[in-house]
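Heads up, the thing below is written out as structure tokens.
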Amino acid sequence: MRFAHGLPVGRDRNSAETDLGIKRTSMNKMQQLLYSDDTPDALATKTADDTGHRVSVLFPLPLPKAYDYLCDSADKPPIGSFVAAPFGPREVVGVVWPSDDGERAKKKSKVQKLKSINQVYDAQPLAADLVDFIDWAAEYTMYPKGAMLRMVMRVKDAFEGPRMQTAFAATGEKPARMTPQREAVLAAASTAPQSAGQLASAAGVSEAVVRGLVGAGGLLKVDVDPDPPFIAPDLLRAGPMLSGDQQYAADFVATIIERDEHKGILIDGVTGSGKTEVYFAAVAAALSKDPDAQALILLPEIALTLPFLERVEERFGAAPAPWHSELTGAQRRRTWRRVAEGQARLVVGARSALFLPFPKLKLIVVDEEHDGAYKQEEGVIYHARDLAVARGARAGFPVLLASATPSLETVVNVDEGRYEAVGLSGRFNDAQMPDISLIDMRDDTPDAGKWLSPKLVEEVDKNLSVNEQTLLFLNRRGYAPLTLCRRCGHKMTAPGSDTMLVEHRFENRLVCHHTGFSMPKPSVCPVCKAVDSLTACGPGVERVAEEAKERWPNARIEVLSSDTAPGPQTMRAVLDAMKAGEIDILIATQVAAKGHHFPNLTLVGVVDADLGLAGGDLRAAERTYQLLSQVTGRAGRAEKPGRAMIQTYQADASVLKALASGDRDAFLAAEAMGRQELGFPPYGRLAAVMLRSPDEAALDRAANAMRAAAPLADGVEILGPARAPIYRLRGIARMRLLVKTRRNVNLQAYLIDWLKRTKPQSGVRITLDINPYSFM
DNA sequence: AGCACGCCGACT
DNA sequence: GTCGGCGTGCTC
């Protein structure tokens, strides 16, 4: 794929088809199903209104279908309404759902007594496109519909509307008897209504004074909404001047928004090329078009920082509604409610923001679309970028994917004409791309117990001598990734897990990065009892920092990783110090790779480029390219191009050669060819079937039985079962089967058929991961 | 997800 | 003889 910069690439095709399109399944028609063409097919969203006062209700529980209830036919709640209904021995809040016609037909033959709905909530019903999306996403990911609905309803009781809080507002009248205390309270209340406690503390008096003023007529009791509305984005506010490329891209996107149709659109441009301004313009266009329209900007969790929110505020004169894992309960409720009302028009959020109850979503932007953080790996497993595209395709609005290093999936979608693409060239302020070179560690070997090659050391020396900053990148937290007994060879692992304990020397502890387990570093080997025999093997950032401090005793050296000892504020402080030029050498994990601009950083050293290539899952090379391209891109500034040195023992690896030559498109083409030959995504479909059990023998039996039960089908290949790379985790053993199919096979239908033929084994749990990214 | 039903160990 | 462990199954 090559982009003529400023020109849209990709044949025009009207189809809103994505790779995610799947057919509704009908169990006994396997042949038809398995080889059906891929066009997505509208799921039934129409109301089967023939049955008067009967409604289906879906509960936010891991249940695959909705349940039928009676209701007063006079005020039958529309689809999407929140209702409370008796369910088993208790009452549960659910959502009125489209009834499944097939299910209904079955039931009509049976006499069935239905219970009645208890209550219909006053809240705005969920939008039809969200209901449709939940149905589709459940079918695609193979999770029960109710589990998907739970993603929408995770904010407890938010649909009940505001729990009004009592506040006191100044009436404007002064009671006859005034005191200094009363004056102070009235002064505090004159700005905005506040609670008795707030007024009392603002005035430095007791709450008795506040209550007294109510009786005396100076204050009035009012109910206030505890969730203040969001300030509307100012759509007329002028953004910065756009470059020619940016303007072209913005206009191109605006045309598609104007046409009100779905398109996946890749915004392709290096860091600093101004992708953000292009999609800000798109947001403005989408929101201007319709006064009720809403837009969502998705970011990988890690990029969702205060600086980004401030940038949005600067552009639109108002902070967006935020959505991420760090929000407090109250903040979460505020965003959820205001989004549901349509009041919050611009949301900036992490992947789960996709499940907010937008009544009129008209645009989704997926920034850093290649980022692995979009893949939810726990609970309901889904890929937010893929679901975002599917949501836009089904609801008929555009979805923008922005990246400097787009995923192969997206690039192939562009090449095959399913997505559009606009390219941005050049860096802001004419900053140059860094000069990247490889250091072959076989020729340029560091001394024993050291990790920096002579060449890299020499470059750092040069940089120090001209007072420019250096970033040494190593994607490994802690001091050493492996702790080994020199006498008996025992490797320290977490209890019940096949995970190595990582030494963290700041805290003098051994830590498991997978389970969270940690222990003080023992002085005796737990197996052979040898004293002081435990040895640190391999480097982490702390160890490289130790080496750097030894080598450059006069340089200002800092370590930065997600667990830099004293706490999260430290991270901010280190980043600020780096920006301010108060650090000469920063040794960091990937937390430093994203979204920070260090003006005096001119040298980036990648300590171990081979780290991400080990293990060899299908996306290892791609991820390495993306990560290292981002990290090395940190080097350089307007007046002076930066340089990056990549240490590797695999200097012939095509990924690294492509990085050094800057030929991204050649790398992608080679990578695509490799995937195509093997039939891996995006040229084939892949699903992981994971089995877990505390009982290893039972797990083995179950996995083999499952393999044996796999139906033969043309274009379907079963791989495994194989033990997970981390076989035991927290006392649970895990095995995996992979299903690889041709692209025209309905993978979900195959899996349903397979699972039907598999006897459930007691104590063995099965989870499915459609299009897996993690193979741990 | 809850919650009940149901079938095997250590207690009044 | 009961209290209670959590495996299995159901909820319109």
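Computed from a predicted model, the values in this text were never measured in an experiment. Order of the sequence lines sets the chain letters (A, B, ...), proteins ahead of strands, with each chain counted from 1.
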Run the side-chain donor-acceptor check on residues 694-701 of chain A: report pairs under 3.5 Å with partners two or more places apart or on a different chain.
{"residue": "A/Asp695", "atom": "OD1", "partner": "A/Ala697", "partner atom": "N", "Å": "3.1"}
{"residue": "A/Asp695", "atom": "OD1", "partner": "A/Ala698", "partner atom": "N", "Å": "3.2"}
{"residue": "A/Glu696", "atom": "OE1", "partner": "A/Tyr727", "partner atom": "OH", "Å": "3.4"}

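The separation between A/Leu63 atom CG and C/dT11 atom C1' is 7 Å, rounded to whole Å. Rounded to whole Å, the distance from NZ on A/Lys115 to C1' on C/dC12 is 8 Å. Atom CD of A/Glu91 and atom C1' of C/dC12 are 15 Å apart (whole Å). In this structure, the CE atom of A/Met151 is 13 Å from the P atom of B/dA1, given to the nearest Å. What separates NZ of A/Lys65 from P of B/dA1 is a distance of 17 Å, to the nearest Å. In this structure, CZ of A/Arg154 is placed 14 Å from C1' of B/dA1, rounded to the nearest angstrom. Taking atom CG of A/Leu61 as the reference point, atom P of C/dC10 lies 16 Å away to the nearest angstrom. Rounding to whole angstrom units, CZ of residue A/Arg150 and C1' of B/dA1 are separated by 7 Å.
No aromatic stack links A/Tyr67 and the base of C/dC12, using centre distance under 5.5 Å and interplanar angle under 30°.
The residue A/Pro86 sits close only to the backbone: its heavy atoms come under 4.0 Å of sugar-phosphate atoms, none of a base. Counting non-hydrogen atoms under 4.0 angstrom, A/Phe87 reaches a base of the nucleic acid.
Between the side chains of A/Arg345 and A/Gln294, no donor-acceptor pair of N or O atoms lies under 3.5 Å.
For A/Asp617, the side-chain hydrogen bond (donor to acceptor under 3.5 Å, both in side chains) partners two or more places apart in sequence, or in a different chain, are A/Arg623. When the salt bridge (charged side-chain N to carboxylate O under 4.0 Å, His left out) test is applied to A/Asp498, the partners found at least two apart in sequence or on another chain are A/Arg728. Contacts of A/Thr767 classified as side-chain hydrogen bond (donor to acceptor under 3.5 Å, both in side chains), with partners at least two apart in sequence or in another chain: none.
Taking every side-chain heavy atom of A/Leu114 into account, C/dC12 is the closest of C/dC12, C/dG7, C/dT11.
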Contacts under 3.5 Å, N or O only, protein and nucleotides 3-9 of chain B:
none

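For A/Asp122, the CG atom sits in a loose shell: 12 or fewer heavy atoms of surrounding residues, nucleotides or ligands are nearer than 6.0 Å.
For A/Ser56, no side-chain nitrogen or oxygen approaches OP1 or OP2 of C/dC12 to under 4.0 Å.
Here ring pair (Phe, Tyr, Trp, His ring centres under 6.0 Å) pairs that include residues 337-363 of chain A, with residues two or more places apart or in two chains, are A/Phe133-A/Phe355, A/Phe355-A/Tyr382.
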